[in-house]
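Okay, so here's the structure we're looking at.
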There are 2 protein chains.
Amino acid sequence: MVKPQLRISESTIHRLSIYYRALNRLERENYETISSKELAKREKLTPAQVRKDLSFFGSFGTRGLGYPVTELRDKIAEILGINRSWSVALVGVGNIGSALVSYKEFQKQGFRIRKIFDNDQRKIGSNHKGIIVSDADDIVTELRDSKIEIVVIAVPSLVAQMIVDDVVRAGIKAILNFAPINLKVPDDVYLRNENMAMELEYLSFSLCNDEAQL
Amino acid sequence: MVKPQLRISESTIHRLSIYYRALNRLERENYETISSKELAKREKLTPAQVRKDLSFFGSFGTRGLGYPVTELRDKIAEILGINRSWSVALVGVGNIGSALVSYKEFQKQGFRIRKIFDNDQRKIGSNHKGIIVSDADDIVTELRDSKIEIVVIAVPSLVAQMIVDDVVRAGIKAILNFAPINLKVPDDVYLRNENMAMELEYLSFSLCNDEAQL
DNA sequence: CTGCGGTTGTGAAACGTTTCACAACAAATA
DNA sequence: TATTTGTTGTGAAACGTTTCACAACCGCAG
């Protein structure tokens with residue numbers, strides 16, 4: 001079903017996420033099928049782009065009709081690997097960490113936070129949405145024997161590399177990092193960075209170069 | 001100093017953000033100059049990319065020596081428009097909103113949250129880091145006569161379009177949206193989306209397609 | 001069964017970004 | 001001054017992504 005990989009670009013994967021959400025909305029609006037034209041219009045993309053993105057993984061549409069909404073949504077979920085649930089651990093329950101524990105969108109897509117770590121004695125042992133915060137010093141041992149597949153890092157930049165080293169040592173292969181720093185990980189570990197200030201900086205740049213841009 | 005714009009790509013701007021942070025660290029480590037080679041190595045980029053990115057805006061380096069750390073940092077701050085402070089309003093003090101109010105990285109780069117809105121009666125009037133939460137119904141009037149330049153939207157998807165319409169009506173030209181939905185804004189308004197689930201989905205995809213990728 | 005309007009899937013063209021490769025130059029050394 | 005080492009700035013090549021354009025096909029109407 002899912003075609004042999006011929007190196008899918010990052011942009012394509014990100015657009016799949018977008019299509020996934022759009023299709024969920026369409027389903028709620030009782031659409032049965034959707035054309036690449038309309039889907040593109042809704043998400044400010046081009047029809048050709050929608051079709052090409054999907055064609056990397058198979059042919060899911062019907063000529064003359066478009067794509068079946070629910071079926072395509074499920075297909076994309078399968079491609080992205082969100083047709084299942086993932087066990088996630090969170091390191092750091094400061095501002096951002098706490099927000100993530102309650103972030104509905106994670107849960108909705110099957111990302112379940114099952115362990116929380118912090119190095120602040122006042123937080124260790126406390127309860128966040130039913131999870132007892134563990135000591136960050138125990139990361140390696142606690143993760144090694146767990147079923148955790150993805151670790152989210154929401155600690156200050158200064159300690160982030162230390163934490164990530166532990167996480168790698170525990171055998172974790174996928175890390176989402178919120179610290180605004182470039183972490184070093186071995187080649188076989190997937191690392192993604194989420195830096196919320198960067199988008200604000202982009203806005204700042206846009207405002208400063210206004211008339212030139214549009 | 002800053003060259004005539006010849007359409008700078010999004011990736012280049014994002015890398016400028018990265019250089020900016022790297023240079024700050026280098027300054028703290030007492031580097032006086034840095035070569036494109038070393039800077040690239042630190043941030044897992046290529047030297048040519050560093051040089052080309054910078055060359056769009058001028059020539060800041062010295063052949064044989066490299067780039068002066070502090071001077072280049074300041075130059076990039078000027079290009080990105082973060083050598084000043086920006087007045088920001090936040091709409092929605094739920095999980096994410098509250099985290100953003102205390103998010104140090106925003107303040108550090110000159111993004112100052114000066115107004116907060118919410119539509120929850122229990123939150124209106126409450127105090128977040130010295131700011132009294134206003135009624136979201138008053139967004140248009142409150143923003144119109146304010147000095148707010150950027151609005152951050154951290155409300156549920158269902159109400160996000162309504163809020164953004166008000167924000168646009170108030171004359172705001174730059175919006176950072178955390179709701180996982182594609183908002184519609186006029187062409188002259190800059191809109192950026194921050195979707196934290198998307199990066200997790202990317203990790204999920206990577207794990208599912210592991211052996212094929214690396 | 002034929003023809004028509006609509007839409008997909010995809011090779012090829014167009015476009016954009018990254019990498020290469022080297023002339024130009026700075027500093028240091030002799 | 002001449003030579004060597006090191007690094008920038010940049011045009012051009014290589015590469016990657018997006019857009020174009022159209023054959024193939026679906027459903028429907030006559």
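All values derive from a computational prediction rather than experimental measurement. To find a chain, count down the sequence lines: A is the first, B the second, and so on, and within it residues start at 1.
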Shortest side-chain distance from Ser55(B), nucleotide among dT8(C), dG9(D), dG11(D) = dG9(D)

Does the side chain of Asn83(B) come within less than 4.5 Å of Asp74(B)'s, by heavy atoms?
-> no

OP1 or OP2 of dT18(D) less than 4.0 angstrom from a side-chain nitrogen or oxygen of Thr46(A), does that happen here?
-> no

Looking at Ser9(B), does any N or O in its side chain come under 4.0 Å of the phosphate oxygens OP1/OP2 on dG16(C)?
-> no

Tyr67(B) vs dG9(D): side-chain N/O to OP1/OP2 distance below 4.0 Å | yes

N or O in side chain of Arg7(A) less than 4.0 angstrom from dG16(D) OP1/OP2 = no

Are Val50(B) and Glu43(B) side-chain neighbours, meaning at least one heavy-atom pair lies under 4.5 Å?
-> no

Phosphate OP1/OP2 of dT8(C) contacted by Ser59(A) side-chain N/O (<4.0 Å) | no

Minimal heavy-atom distance between Ala170(B) and Val140(B), with the atoms involved, is CB-O, 3.7 Å

Can you check whether Thr62(B) has a side-chain N or O nearer than 4.0 Å to OP1 or OP2 of dA26(C)?
-> no

Using the six-membered ring wherever Trp is involved, compare the ring planes of Tyr202(B) and His14(A) and label them parallel, tilted or perpendicular (cut-offs 30° and 60°).
-> tilted

Assess whether one donor atom and one acceptor atom, taken from the side chain of Arg63(A) and the base of dT7(C), lie less than 3.5 Å apart.
-> no

What nucleotide among dT8(D), dG11(D), dT10(C) has an atom nearest to a side-chain atom of Lys52(B)?
-> dG11(D)

Comparing Asp53(A) and Leu65(A) on DNA chain D - which has the more 5′ nearest nucleotide | Asp53(A)

Report yes if at least one side-chain N or O of Gln49(B) is closer than 4.0 Å to OP1 or OP2 of dT17(C); otherwise report no.
-> no

